[in-house]
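The chains referred to below are lettered A, B, ... by the order of the sequence lines, with proteins before strands, and numbering in each begins at 1.
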Amino acid sequence: MTTKNKKLLLFDGSSLAFRAFFAIPNFDTFVNKNGLHTNALFAFHSMFKTVLDKEAPSHALVAWDAGKTTFRTEMYGDYKGGRQKTPAEFREQMPFFNVMLDAFGVSHYGLVNYEADDIIGTLAMQAADQGFEVVIVSGDRDLIQLARPNIRVDITRKGVSQLEPYTPETIDEKYGITPQQIVDMKGLMGDSSDNYPGVTKIGEKTALKLLHDYESMEGVYDHIDEMKASKRKENLINDKEQAFLSKKLARIATEAPVEVSLDDIVRQDIDVQALMTFYKDMDFNQFMSQLLDKTDNQDLLSEDWEDVDYHYLSQADQVSAELFSADTMALYMENLAKNYHEGQIEMVAWGSKDQIYVADANFILKQADFQIWLADVDKKKVVYDAKRSQVMLSKLGLDFAGIQDDVLIAGYLLTAKDLSKDLAELAHEFGIDQLAFDESIYGKGAKRALPEDQETMASHLARKIAAIWQLQSLTQDQLASNEMLDLYQDLELPLAKVLAQMEIQGVRVDRKQLETMQAEFDVKLGELENDIYQIAGHDFNINSPKQLGKVLFEELELPVIKKTKTGYSTAQSVLEKLQGKSPIIDYILDYRQLAKLQSTYVAGLQDFIQEDHKIHTRFQQTLTTTGRLSSADPNLQNIPIRSDEGRKIRKAFIPSHSGWKIFSSDYSQIELRVLAHLSGDDHMRDVFQAGQDIHQSTAMKVYGVDSNAVSKNMRRNAKAVNFGIVYGISDYGLSQNLNISRKEAQSFIDAYFESFPKIEDYMDRVVQEARDKGYAQTMFNRRRYLPDIKAKNFNVRSFAERNAMNTPIQGTAADIIKFAMLAMDKALKEKNLQARMLLQVHDELIFECPEEEVPVLEDLVPEIMASAVDLSIPLTVESSYGDNWYDA
DNA sequence: CAATTCACG
DNA sequence: ACGTACGTGAATTGA
């Protein structure tokens with residue numbers, strides 16, 4: 001018999017279930033239909049399944065503590081004393097862990113008088129003796145004492161989502177001791193969570209030092225007389241008894257009277273039916289459908305979704321106006337390409353609740369009745385992704401009108417999540433779990449393709465229509481009760497059409513211009529490369545942070561400023577600190593900048609120039625957490641401007657007609673103005689109303705000096721603090737930005753809040769509101785949910801708090817420019833202007849127009865942008881124009 | 001596919 | 001002590 005496939009997984013059920021409970025602290029959002037809390041079950045399930053899939057053990061057991069008292073309590077009455085009572089929300093979930101485990105085909109076991117640890121220790125040693133590979137998973141670091149050459153101990157980190165593996169090697173690296181010495185360490189230092197004392201004043205550092213010198217606790221006491229007189233020595237002597245008791249308590253039993261043998265814990269097959277029932281009982285809809293997709297157990301599908309009836313149309317005589325007579329119908333057009341400017345519509349489905357039609361796209365899109373229906377504004381359509389539908393039809397020259405609802409946009413507003421990849425993801429988010437994921441129908445990656453038989457796809461599309469139909473009423477109800485209908489109907493839904501037009505319009509790019517730059521950059525890059533190799537003494541890949549790190553920090557022995565998880569950091573901020581230490585640094589900085597421009601922009605953009613000499617980006621309307629747009633394929637919201645070299649790339653962006661101009665208008669300081677409005681800060685308002693320099697006046701306030709006494713440096717610092725405020729300030733972040741100490745940064749922040757008390761009040765208020773309601777919101781009721789705002793972990797919680805401060809500011813600014821875009825679109829049409837809106841870059845709108853329209857836009861655009869919404873602070877807009885984006 | 005880096009607001 | 005400034009997308013390396 002080979003030992004190769006013998007692998008035992010031992011799961012510390014008690015510690016992991018408890019940790020799972022605290023991994024999802026907002027447990028009130030995890031309740032099933034019977035009112036049972038499910039957060040611990042949910043988190044435990046996620047990690048358990050991940051580990052089971054990853055380790056694929058032949059044998060597995062989940063160990064539980066069997067009761068409150070154990071042999072350890074006999075030795076020490078206060079063992080694990082002082083612990084808080086188990087929360088009722090956790091206790092009620094306990095019976096269901098084993099139900100889950102039974103369904104997974106994994107055994108579980110508890111032993112009277114012993115802890116889960118002892119069961120694990122005993123079985124681990126038995127299995128290791130028999131040549132098993134053993135993996136132990138626990139949330140309790142004490143278990144690392146069990147690590148051996150073929151026993152690995154994985155300890156959870158960050159809730160339960162990550163595991164840190166411990167082997168004899170890693171323990172040696174981290175602590176410099178063997179696994180067997182862990183009990184000596186625990187004995188000396190004690191354990192506050194298990195409530196045993198160890199030796200007074202000895203913590204981890206001291207315990208390790210003593211063990212390094214004397215190997216074991218016995219060794220320490222054998223040599224106690226040789227130690228110099230000290231408080232520590234006294235403590236060691238006084239606490240000797242306690243220390244040996246603690247060591248005993250820390251030692252995990254490896255010969256507990258465990259009644260199960262390795263043969264008893266062979267892993268069984270998953271009981272699909274039992275698991276489905278468990279998922280259903282717990283309302284774990286997402287897992288249910290994953291299981292369905294995996295097992296092909298379509299017969300487990302519930303309710304009247306079992307077979308969604310549809311008519312498949314393939315002949316002209318099957319199509320008539322009658323098919324399109326309903327007032328409102330759902331419409332879905334499948335195009336497998338993520339970028340809908342590419343690919344083609346493969347199949348179309350439409351219909352209402354009880355009448356669903358599906359047809360091949362090639363056929364139906366040519367039918368007059370279908371085209372008439374599409375263009376009829378009075379025939380309402382409910383879609384998933386209006387912009388996508390609009391663009392695809394427009395490319396075919398088909399008119400599309402009467403969009404009543406877009407369930408993607410509605411879903412995005414309700415969840416602030418990106419659900420644009422797959423309708424099934426949106427459906428599942430709203431508890432509709434009878435729709436398969438596209439991945440299970442079309443495959444993924446290179447294997448993504450149309451299914452072989454048409455019926456599979458047709459039925460999938462019919463189900464999508466059913467899902468859209470159901471989602472419409474669900475989302476409309478929720479939007480109404482969240483008071484988000486205005487945001488949806490008056491802003492996002494009409495905006496989809498405007499964005500579609502902008503994408504279709506595209507922006508013209510001069511390829512020649514880019515080609516010339518490319519040749520120039522190639523020469524410069526070649527020169528820099530040579531200079532760098534010369535100093536390094538050999539060739540290497542400068543683009544590889546790993547290789548570059550080796551050259552800089554090992555070969556050239558430059559000081560290490562910062563490390564990443566995988567090695568030395570070679571980020572720009574680090575390199576800048578090394579400037580002057582070696583001439584190679586300046587060359588690398590130049591090389592980096594040029595290589596970035598070359599690959600991403602000069603060369604990269606050329607790949608997106610279409611036959612019409614234009615680039616058609618996609619504005620993603622349902623992606624960001626704050627309500628901003630994003631731009632992709634390619635991203636036209638991050639075209640270089642900050643460096644002189646990079647800015648020249650904008651020369652390639654030109655009007656699509658000769659004699660036309662590029663016209664650009666941007667809001668100045670929109671986020672700070674929004675902050676002034678939302679906080680009601682009098683001083684800030686006065687500054688903006690008087691049209692003064694906000695950073696200058698912030699500097700005056702914070703430093704308490706006159707306008708003429710504000711130095712360049714003072715203004716720079718004030719500007720950084722203003723930015724920091726908008727981001728949700730932290731002393732650490734500000735210190736990084738200004739390259740000052742944290743202490744100095746903190747005193748800046750204190751001075752700022754002293755000068756602007758209303759800003760501080762406002763920040764406190766939004767964080768408190770996020771804690772109370774669970775979300776932050778913009779002026780126009782856009783929400784961002786922040787479940788981590790109550791996290792125990794400082795970093796996780798702080799991040800959520802900064803989000804709470806930043807989201808209303810960034811999000812309201814995003815709302816404002818969206819309103820401006822709608823108004824601009826309307827104004828251009830009403831005034832019959834030829835000017836076209838091309839791009840939006842967060843606080844900036846870019847147009848192209850005939851030269852004679854420039855004077856019109858110079859008045860119109862600022863007027864419309866400034867009056868897009870009503871604020872207590874004036875919005876100011878600056879405009880410019882030129883023959884290309886650079887000159888504008 | 002994750003990690004690192006860097007372009008923009 | 002903790003170790004991040006907010007929001008994005010794309011290129012590259014290397015497992």
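- Using a 4.0 Å heavy-atom cutoff across all strands shown, A:T564 reaches sugar-phosphate atoms only and no base atom.
- If you take CG of A:L738 and P of C:dT4, they are 18 Å apart, rounded to a whole angstrom.
- Put simply, A:R592 has no side-chain N or O that comes within less than 4.0 Å of OP1 or OP2 on B:dA7.
- Atom CG of A:L552 and atom OG1 of A:T570 lie 7.5 Å apart (nearest 0.5 Å).
- Atom P of nucleotide B:dT5 and atom CG of A:L575 are separated by 9 Å, given to the nearest angstrom.
- For A:Y732, the side-chain atoms get nearest to C:dG3 when compared with the rest of C:dG7, C:dG3, B:dC8.
- The phosphate of B:dA7 has neither OP1 nor OP2 within less than 4.0 Å of any side-chain N or O from A:S643.
- Dashed line: the shortest gap from a side-chain N or O of A:T807 to OP1 or OP2 of C:dG7 is not under 4.0 Å.
- Within 4.0 Å of A:N543, counting heavy atoms only, lie sugar-phosphate atoms of the nucleic acid but no base atom.
- Both thresholds, 5.5 Å between centres and 30° between ring planes, are met by A:Y727 relative to the base of C:dC6, so the two rings are stacked.
- Between A:K546 and the phosphate of C:dA15, there is a side-chain N or O to OP1/OP2 separation shorter than 4.0 Å.
- Using a 30° and 60° split on the angle between ring planes, A:H695 and A:F723 fall in the parallel class, below 30°.
- Residue A:S630 places at least one side-chain N or O under 4.0 Å from the OP1 or OP2 atom of C:dG9.
- Between the P atom of C:dA10 and the CD atom of A:Q620 lies a distance of 8 Å, rounded to the nearest Å.
- Without hydrogens or angle criteria, A:R673 side chain to A:S668 main chain gives a donor-acceptor distance under 3.5 Å.
- Between A:Q736 atom CD and C:dG3 atom C1' the separation is 9 Å, expressed in whole Å.
- Figure legend. C:dC2 is base-paired to no nucleotide; pairs are counted as Watson-Crick or G-U wobble with both atom distances under 3.5 Å.
- Between B:dA7 and A:Q572, a contact under 4.0 Å exists linking OP1 or OP2 to a side-chain N or O.
- For A:R784, taking side-chain heavy atoms from C-beta onward, the closest of the listed nucleotides C:dC6, C:dA5, B:dA7 is C:dC6.
- In terms of phosphate contacts, A:R802 brings a side-chain nitrogen or oxygen within less than 4.0 Å of OP1 or OP2 of C:dC6.
- When rounded to the nearest whole Å, the span between CZ of A:R742 and C1' of C:dA5 equals 13 Å.
- Ring geometry for A:H616 versus A:H341: interplanar angle of 30 to 60°, hence tilted.
- In terms of position along DNA chain C, the nucleotide closest to A:G733 lies nearer the 5' end than the nucleotide closest to the other residue of the pair A:N638 and A:G733.
- Considering only side-chain atoms of A:P545, the nucleotide from B:dT4, B:dC8, C:dT12 that sits closest is B:dT4.
- Of all the heavy atoms in A:L786 and A:A776, the pair that sits closest is CD1-CB, 3.9 Å.
- Distances shorter than 4.0 Å separate some side-chain N or O of A:T566 from OP1 or OP2 on B:dT4.
- Atom CD1 in A:I639 sits about 13 Å away from atom C1' in C:dT8, given to the nearest Å.
- Rounded to an integer number of Å, the gap from A:N737 CG to C:dT4 P is 16 Å.
- Mapped onto DNA chain C by nearest heavy atom, A:F794 and A:K596 fall at different nucleotides, with A:F794 at the one closer to the 5' end.
- Computed from coordinates, the A:Y412 OH to C:dT8 P distance equals 8 Å when rounded to whole Å.
- A sub-4.0 Å separation between OP1 or OP2 of C:dC6 and a side-chain N or O of A:R628 is absent.
- Ring to ring, A:Y752 and A:F756 are close: their centroids are under 6.0 angstrom apart.
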